[in-house]
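One structure below.
Heavy-atom basis, side chains included; hydrogens, waters and symmetry copies ignored.
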Amino acid sequence: MGRAVKDTAAAGKTFMALVKAEGMRRFSFLLALNLPTLALAAPGQSEVRSYVNVGGKVQPVFAWCDAPEAVIALTELQWPGPNEDGPPRTQLLVWGKSRAGLTDFSRFEATLGRTHPNHEPGFLPLFWKNGAATVQGHLRLKDGKDAQAMAPRTVQASEFQLSDVTYRCRSVPQAAFLGVTAKRTVIVWEEVCSVSVFCKATYATRNFDGSEGVVLRNGQAGYSSFTRQAGQIVAFDRSYWWSTPDSSTYRVDVGNGGSVLTVQKNGRTLQTEPLLAYSIRLPSKEQP
């Protein structure tokens, strides 16, 4: 909890959602972040929701990142009260990575600064408390095109710098799902189909120990629950599953309440791995 750590992040909120929720003072702050890069997804595009699971508690994140050396996340921004001023507060969450898997988890109180005029758009100063010391780094967002394809509450990070260490985030632009367990990165791609409730899907893993991952094609995907209120997604559950010739079944269940990878063979569960950080791409509007 009180150590200097290395890591990377990716996920958060967009322009209009924050304006409506937080008011004009927040609006002014976001303009200083060069927010054309955080514009809402256009009609017909998708939106991305991102979460972390810390000690069994699942919560949305502003951004998270799967870097070669670490997994890094920033929790949702907390704004000062109506009569207060100052930058939005957040928490910096860091898991180190080794061949044995994710290592010790650390949490730091942090704030996110404004983009400096001398920096390119999408460069956000990051300050966090390490004991009595305030440490500075930054969060760098991806280009505007990538950011616009993300959800109203999500930003994409291309890198984090924590102290003097830079962490570059894994980028899988066409993925429908990206997540990390304690031992591996899990990626799911969905094929384009006329009815997105059930589409073919491809599954791949990148194991932290360097061993060969799994690639499975022609899986199934479907929503078991999908709820909107006032045009906003308020709850969802999505399942992906793949069967292999040796009677094994791989399943990824994703929801706003958590995500889990399950592997079974002949009906017997071989492994169950909770996703500690994950993002899923959802339809931006109601499906016919």
Side-chain angles (χ1 to χ4, degrees), residues 1 7-41 47-54 57-65 72-94 106-117 119-130 133-142 144 147-148 150-162 169 228-235 256-257 277 279 282:
M1 286 283 293
D7 264 355
T8 316
K13 295 186 179 180
T14 63
F15 183 54
M16 291 305 298
L18 280 171
V19 172
K20 291 179 181 178
E22 308 297 346
M24 286 305 298
R25 185 167 57 84
R26 280 73 165 177
F27 174 63
S28 300
F29 178 88
L30 292 174
L31 286 179
L33 305 188
N34 294 293
L35 273 208
T37 59
L38 300 184
L40 284 171
E47 53 187 87
V48 173
R49 298 298 173 91
S50 301
Y51 302 86
V52 290
N53 181 341
V54 179
K57 181 182 178 181
V58 178
Q59 64 186 84
V61 293
F62 174 71
W64 77 277
C65 178
I72 305 170
L74 292 178
T75 60
E76 283 193 308
L77 303 183
Q78 301 296 314
W79 297 91
N83 300 318
E84 301 174 341
D85 197 8
R89 298 182 301 275
T90 181
Q91 289 187 331
L92 171 66
L93 312 178
V94 180
S106 299
R107 184 196 307 262
F108 304 92
E109 297 299 321
T111 57
L112 200 60
R114 299 169 182 261
T115 296
H116 192 276
H119 289 139
E120 74 275 18
F123 181 98
L124 307 182
L126 176 66
F127 304 89
W128 70 95
K129 300 292 292 184
N130 189 3
T134 297
V135 189
Q136 182 173 356
H138 69 250
L139 162 64
R140 191 186 301 273
L141 304 180
K142 291 189 177 180
Q148 289 170 6
M150 302 300 282
R153 294 192 303 173
T154 299
V155 297
Q156 284 183 295
S158 61
E159 72 176 34
F160 272 80
Q161 181 175 317
L162 305 184
C169 308
R228 288 180 184 271
Q229 291 180 2
Q232 297 294 315
I233 298 171
V234 295
N256 55 292
S279 295
L282 301 172

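- Aromatic pair Phe123/His138: centroids less than 6.0 angstrom apart.
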task: Go through the steps to decide whether Gln91 and Arg107 satisfy the test side-chain hydrogen bond (donor to acceptor under 3.5 Å, both in side chains), and finish with yes or no.
output: CA-CA 7 Å; Gln91 289 187 331; Arg107 184 196 307 262; 2.8 Å; yes
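- Atom NZ of Lys129 and atom OG1 of Thr111 lie 9.5 Å apart (nearest 0.5 Å).
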TODO: Go through Asn130 and Phe108 one step at a time and tell me if the side chain to side chain contact (heavy atoms under 4.5 Å, CB included) criterion holds.
DONE: CA-CA 7 Å; Asn130 189 3; Phe108 304 92; 3.9 Å; yes
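- With rounding to the nearest 0.5 angstrom, the OG atom of Ser50 is 11.5 Å from the CG atom of Leu74.
- When side chains are defined from C-beta on, Leu112 counts as touching Leu126, because their heavy atoms get closer than 4.5 Å.
- Of all heavy-atom pairs between Cys169 and Glu159, the closest is SG-N, 3.7 Å.
- In this structure the side chain of Trp79 reaches within 4.5 angstrom of the side chain of Leu77, judged on heavy atoms.
- Contact check for Thr90 versus Trp128: no side-chain heavy atoms found under the 4.5 Å cut-off.
- Across Gly86 and Pro80, no two heavy atoms sit closer than the pair O-CG, 3.4 Å.
- The CG atom of Asn256 sits 9.5 Å away from the CG atom of Leu282 when rounded to the nearest 0.5 Å.
- In this structure, CG in Leu92 is found 9.0 Å from OG1 in Thr75, a value given to the nearest 0.5 Å.
- Heavy-atom minimum distance, Val61 versus Ala73: CG1-CB, 4.3 Å.
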